[in-house]
Structures are given as C-alpha cells and as structure tokens.
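Order of the sequence lines sets the chain letters (A, B, ...), proteins ahead of strands, with each chain counted from 1.
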Amino acid sequence: MSDCLTYGPILGIETSCDETAAAVVVNGCEVLSSVVSSQADVHALYGGVVPEIAGRAHLERIIPVVSRAISEARISEHEITAVAATVGPGLVGALLVGVSTAKALSLAWGVPFVAVNHLEAHLQATFLDEPDIELPVVVMLVSGGHTFLVFMEDRLRYKVLGTTVDDAAGEAFDKVARILGLGYPGGPAIDRSSREGEASAITFPRPMFTDGWNFSFSGLKTAVATYMRHHPGAVLEDVAASFQEAVVDVIIAKALNAVSVYGAKGLCLTGGVAANSRLREVARDLCEHKKVAVHLPSLAMCTDNAAMIAATGWWRLKADGPSPLTIGAEPSLPLVV
Amino acid sequence: MLILAITSSTKRVGCAIGDSNGVRSVVQATRDRSHAELLASQISTACDQAGVDLRDVGAVAVDVGPGLYTGLRVGVTTANALAYALKVPTITANSVEIVAFGVRHTRRLIVTVIDAKRGEVFWAVYQWAMYGLQRLSELKVAKPGQVVSEIKHLLESGGFAGGSPAKSASRVDNSLTALSSDYFAGGSPAKSASRAEVLLVGDGVIEYPVFTTAFASQRITKTTDNDRIVATSRVEIADKGFSYPSAEALALYASDLAARQQFVDAEQQVRPLYLRTPDARRLGT
C-alpha cells in the first residue's frame with residue numbers, strides 16, 4: 001500500500017464513449033477543474049454514437065481538453081502527481097485515445113499512470129459532491145450503456161446485486177425516443193417531452209418489478225413499439241411520460257428494496273439516466289417517505305466526466321499503487337466485485 | 001536534434017531514438033492488435049537502451065498512415081501527447097513513404113503497397129534520388145488488381161505519362177501527379193525509360209497473392225535468404241522484413257526533415273491520414 005500523502009493533484013482522462021474529458025482532482029474529492037467536450041451534436045446527425053467518428057473526434061480534442069483542464073485548475077503541469085485514465089468498459093477506438101494519452105503524459109512527466117474502471121468511477125461520482133456520505137449505501141448506476149444495482153460497503157468494496165439482462169436503462173430511453181421520433185440523445189428528449197404528458201395515460205409493463213435484483217428493459221421498449229402500431233394517433237407526450245414512469249418505478253422499487261434488505265444507510269443514484277428529472281423527483285419523494293437518505297449527484301457528475309476518473313485513480317493508487325504501462329484498452333472490462 | 005520516431009500504422013508497432021548521426025535504439029514488434037499495450041513501454045525501453053532521458057528528445061516523429069485505424073490512433077495520440085508534454089514539435093511522414101525509405105538504396109522505382117483491408121491497398125511510386133526520396137505518383141487507395149495493371153503499364157510504357165517531376169521529400173500533396181518520361185532521360189539515376197525496373201514492397205504485397213502471381217514469371221531466381229532483397233528481374237519483390245514501416249527508417253527520414261525544418265506547428269494536433277470516411281449513414285440520407 002503506497003502512501004496517499006505522496007499524491008497531490010491527479011489528472012483524470014475519460015474517453016470511453018462520446019465525451020472527451022479531462023479533470024484535475026486533489027485528495028480524491030477536491031475538484032480543481034473538470035472539462036467535458038461533448039460530441040453529442042456530431043453523433044446526433046447519425047441517430048446514435050458512431051464508434052469511428054467518436055475515435056477520430058477524441059484524437060483531435062484530447063490534448064486541447066487536457067491543456068484546458070490544467071490551466072483551469074490554475075496549476076502547472078509539473079504539480080501533477082499521477083495520470084488516471086478510463087481503460088474500460090467502452091468503445092475500443094475511443095478508449096485507446098485516453099489510455100494512450102495518459103500513458104504518454106505519465107512517461108513525459110515521470111509520474112505514475114493509473115488505470116480506472118469507468119463503472120467504478122461512476123460509483124464514486126456521488127462522493128465528489130458529497131464526500132461524507134454515510135456508508136454502507138446502495139448505489140443505482142443507470143446510464144446509456146450500463147445498469148447496475150450495487151451494495152457499497154466501503155469506497156472500494158462493493159457487491160453487484162443486479163444488472164440488466166438485456167438493454168441498459170439509457171438504451172431503452174434512446175430506442176423509445178427513436179420510436180417516438182423525439183431525436184437523439186433519447187434521455188433528455190423523453191424527459192422534456194414527458195413534462196407535457198400524462199404519466200398515467202398508458203399502463204406499460206413494469207418488467208421484473210418484484211423478482212430478483214436484475215432488470216429488463218427490452219420488453220418495455222417492445223411494448224411501446226406495439227402500442228404505437230396500434231395507436232398511430234397517440235399523444236406522444238403521454239406515451240413518453242408513461243414509458244418514463246414505468247422505468248422510474250422499476251428502478252426506484254428495486255433500489256429501495258435493496259436498501260431495506262441490505263440495511264443500507266442511504267441510496268445513491270448515478271450515471272446519465274440519474275439526470276432524469278422524474279427519476280430524481282420520485283427518488284427524493286419516496287426516500288423521504290421511507291426515511292432513507294438519498295444522494296443525487298449534480299448533473300455534471302451524473303454524465304461522463306473525468307473528475308470521477310481522477311478521484312477513482314486517487315483511491316486506486318492508494319489501494320493498489322500505479323498500473324503497468326502494458327495495460328491497453330479493455331472494452332468489456334467488468335465491474336469487479 | 002534527438003528524435004523519437006513512432007510507427008504504428010500496420011501490424012508493426014515500434015519506436016526508435018536517433019539523430020543525424022544514426023539510430024541509437026529501436027524497439028519494435030510485429031504482431032496483431034497489441035499497439036496500445038506495447039507502445040508506451042517500448043518508448044521507455046528505447047530511452048533506456050539509448051541511454052537518454054525522454055526529456056532530452058527534441059522532436060517527435062510519427063507515422064500518420066494510411067493504415068490500421070486502431071494502430072494509428074495509438075501512435076498519433078501518443079505522439080501528440082508527448083509533443084505537448086515535452087513542449088517539442090512533431091514531424092510527420094506517411095506509412096507508404098516510410099516503407100519506401102526503408103528500401104531506398106536501389107535504382108529501381110519503388111512501388112509501396114500497404115494493406116488497406118477490405119480488399120484494397122494504399123500505394124504510391126517513389127524513387128531515391130541524390131537529394132532524397134521522391135514521390136512520383138499520388139498516394140491512392142485501389143484494388144490490388146488495379147495496382148498490378150498500373151505496374152504492368154509502367155513497365156510497358158517505360159515510365160509515367162505526362163505531368164511534371166514531383167518535388168522531393170514527398171509530403172502528401174494530391175496536386176502532385178506523375179512524372180514525365182523525359183525525367184528518365186534527364187540524367188536521373190534511374191534506368192532509361194525503356195528499361196524501368198520496379199521494386200515492390202509493403203505488407204499489401206504479402207496480403208494479396210495477386211502481386212506474386214502477376215510478377216512471379218518475371219523472377220529468374222528466388223533466394224531463401226531472408227536478409228536479402230531478391231534482385232533478379234524487372235519487378236522484384238522486397239523481402240517480407242521490409243514490408244512494414246519501421247521506426248528506424250522513420251527516425252533517419254525524420255532527421256532529414258528536421259534538418260529542413262519541416263515541423264508541424266507546435267499548437268497543431270497531428271491527425272492520421274485516413275483516406276476514407278467512416279462507415280456511417282446520416283439520418284435522412
């Protein structure tokens with residue numbers, strides 16, 4: 001175990017999907033800067049993330065983004081004590097850019113490189129806003145690519161209770177948004193549209209509502225598609241709101257059930273879908289009702305960012321020390337229990 | 001000026017450290033899909049072997065392809081990050097010219113053919129002249145069969161038709177077209193127009209049997225010595241060892257470019273030479 005006091009500011013780099021991000025974080029919690037350059041506008045033209053376009057965009061943007069993160073942190077690059085980067089999971093051509101950049105900077109500056117698991121970083125994101133969350137907690141990670149229900153006993157010790165058996169929660173939002181013609185990315189589009197709709201208009205199924213800790217969103221998406229075929233004149237806002245309500249119900253029900261079964265002190269929501277306004281509203285209301293502490297990260301910490309990578313890098317350096325330079329991109333890296 | 005050269009556009013990934021006095025160290029590997037895992041530690045080893053600190057490097061030279069997207073992404077990203085962190089300029093060269101430079105000591109026309117995947121190759125024609133490597137044709141993507149026809153045409157006509165001589169230090173410049181046949185009469189080190197000879201090199205030649213099939217009849221003898229270039233007919237195929245852009249060749253080539261101040265602006269990010277647009281359809285198209 002290396003001495004945590006030897007690590008000052010850590011540069012974090014994130015390029016797993018369509019956000020090129022860099023951040024400087026001190027002591028695993030104090031964010032000096034966090035720069036995110038989103039490619040969403042580029043991919044929107046194609047109705048989804050195009051891996052090759054993402055890889056090319058990361059390559060062009062990464063150094064300007066790193067440079068901005070260092071200048072916004074108001075430090076000199078000589079003060080950086082380690083470079084952390086997401087090595088997986090994600091798109092291989094996108095990950096390679098961040099991993100290669102981090103290793104090159106680590107060589108040039110003569111500081112350690114530390115490999116970070118993107119999923120573990122999402123679990124840590126909430127703590128950047130609230131460093132003193134009382135453990136253990138249940139963390140519900142819901143994003144475009146991932147759905148994980150996790151029981152966190154300690155910052156680096158956790159148990160995956162459940163995951164999705166088919167589509168990720170965010171994927172369901174994207175697919176339903178496409179069915180409804182609401183555009184890409186689907187999460188914000190459905191969130192917006194739902195505000196004008198009636199959530200109780202249509203009763204969509206609540207898949208795997210009670211059985212086990214796993215999730216399934218594919219059937220719900222099909223139910224929306226079937227409904228639209230049979231009701232071509234349906235009010236889109238009502239369909240969007242009803243679909244969203246079904247997803248929110250399942251997520252919150254399972255998460256709260258886990259809190260009670262595992263005796264957790266609170267519930268954290270994290271990942272891009274945790275930015276959904278209805279999910280946040282229901283989580284707040286139900287947790288208050290059940291006297292469970294609820295931790296909702298800021299929107300900037302929900303979506304992909306590099307501050308969570310730098311923070312996780314700090315924790316991993318403390319626990320495991322630097323990573324070897326022979327680590328490459330690991331597109332299917334699991335969330336290790 | 002000490003140069004760190006990085007090549008990663010083919011199955012080969014590697015780096016070399018050198019200057020105008022020669023190459024001090026080379027570390028490279030030729031295997032599949034491990035560019036990201038290998039390159040950083042190769043750089044570290046190359047520095048150790050050369051007995052230099054990475055911070056002594058005065059410029060980073062990089063192979064910008066065309067070639068494997070994954071490999072290029074690793075090499076070009078690494079070069080950009082090192083140049084940024086070390087505050088040094090970059091020097092770029094394309095994969096096809098690096099391969100040509102690797103076999104430069106010949107009077108033959110050098111036809112470099114790099115595997116572009118999907119049944120295609122990247123290719124161009126070069127010649128080694130007194131003042132350096134000259135590109136005689138545009139760098140293009142083509143089917144291997146087309147390249148074979150063009151080479152046959154070249155042999156029959158004895159050279160290129162029309163156009164003006166390309167400038168030296170072949171930067172990628174699509175305005176450069178072809179070489180006039182009177183180039184050959186103009187006291188060049190090449191054979192006379194009627195006796196153009198070709199040295200065929202590159203991993204595309206290994207990948208597509210059409211090249212060996214087409215030109216095998218031209219071979220008189222075949223050596224089994226892996227270290228020697230077969231040099232017995234009008235179209236010779238270079239040994240497999242010369243097929244990939246080598247970091248050693250790039251380090252030497254980049255030293256020439258550095259002497260001529262051919263640097264990429266420090267503020268500018270080097271981008272790979274893709275020569276193809278991504279396979280994706282915009283909505284509504």
Engineer: Just one of A:Leu59, A:Ile62, A:Ile63 clears the side-chain contact (heavy atoms from CB on, under 4.5 Å) bar with B:Gln269, so which one?
Structural biologist: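 When side-chain contact (heavy atoms from CB on, under 4.5 Å) is applied between B:Gln269 and each of A:Leu59, A:Ile62, A:Ile63, only A:Ile63 qualifies.
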Engineer: State whether the side chain of A:Lys103 and the backbone N or O of B:Ala36 hold a donor-acceptor pair below 3.5 Å, judged by distance alone.
Structural biologist: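 Side chain of A:Lys103 to backbone of B:Ala36: a pair is present.
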Engineer: Once you round to the nearest 0.5 Å, how far does CG of A:Leu107 lie from CG of B:Leu86?
Structural biologist: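 Interatomic distance, A:Leu107 CG to B:Leu86 CG, rounded to 0.5 Å: 9.5 Å.
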Engineer: Please walk me through it: do B:Thr77 and A:Leu96 pass side-chain contact (heavy atoms from CB on, under 4.5 Å)?
Structural biologist: CA-CA 9 Å; B:Thr77 300; A:Leu96 285 173; over 6 Å; no
Engineer: Quick check for you: among A:Gly48, A:Ala44, A:Gly93, which has the greatest number of heavy-atom pairs under 4.5 Å with chain B?
Structural biologist: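 When all of A:Gly48, A:Ala44, A:Gly93 are compared, A:Gly93 has the most.
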Engineer: Only counting residues at least two apart or in another chain, list the ones meeting salt bridge (charged side-chain N to carboxylate O under 4.0 Å, His left out) with A:Asp18.
Structural biologist: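 Per chain and number, A:Asp18 pairs via salt bridge (charged side-chain N to carboxylate O under 4.0 Å, His left out) with no residue.
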Engineer: Among A:Gly98, A:Ala108, A:Ser106, A:Ala329, single out the residue with the greatest number of heavy-atom pairs under 4.5 Å to chain B.
Structural biologist: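 Option with the greatest count: A:Ala108.
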Engineer: Tell me, side chain or backbone of A:Arg61 under 4.5 Å from chain B's heavy atoms, or both, or neither?
Structural biologist: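 Contact with chain B is absent: no heavy atom of A:Arg61 under 4.5 Å.
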Engineer: Can you tell me which residue among B:Asn80, B:Val76, B:Val74 is in a side-chain contact (heavy atoms from CB on, under 4.5 Å) with A:Ser100?
Structural biologist: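 The single option meeting the side-chain contact (heavy atoms from CB on, under 4.5 Å) with A:Ser100 is B:Val74.
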Engineer: May I have the step-by-step check of salt bridge (Lys or Arg N to Asp or Glu O under 4.0 Å) for A:Glu52 and B:Arg73, ending in yes or no?
Structural biologist: CA-CA 11 Å; A:Glu52 178 57 25; B:Arg73 207 154 277 152; 2.8 Å; yes
Engineer: Let's test your reading of the structure: which of B:Ala280, B:Gly75, B:Ser34 forms the most heavy-atom pairs below 4.5 Å with chain A?
Structural biologist: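 The candidate making the most pairs under 4.5 Å is B:Ala280.
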Engineer: Heavy-atom pairs under 4.5 Å with chain B: which of A:Leu325, A:Val92, A:Ile327, A:Leu95 has the most?
Structural biologist: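 So the answer, after comparing A:Leu325, A:Val92, A:Ile327, A:Leu95, is A:Leu325.
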Engineer: Heavy-atom pairs under 4.5 Å with chain A - which of B:Leu38, B:Val57, B:Ile43, B:Leu82 has more of them than the others?
Structural biologist: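 When all of B:Leu38, B:Val57, B:Ile43, B:Leu82 are compared, B:Leu82 has the most.
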Engineer: For residues 65-80 of chain A, give me every residue with a non-hydrogen atom less than 4.5 Å from any non-hydrogen atom of chain B.
Structural biologist: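 From residues 65-80 of chain A, the residues near chain B are A:Val66, A:Ser67, A:Ile70, A:Glu77.
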Engineer: Heavy atoms only, distances under 4.5 angstrom: which of A:Thr326, A:Ile53, A:Val99 has the most pairs with chain B? Name it, please.
Structural biologist: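 Winner by heavy-atom pair count: A:Thr326.
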Engineer: Can you tell me how far CG of A:Leu45 sits from CZ of B:Arg281, rounded to the nearest 0.5 angstrom?
Structural biologist: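 Interatomic distance, B:Arg281 CZ to A:Leu45 CG, rounded to 0.5 Å: 14.0 Å.
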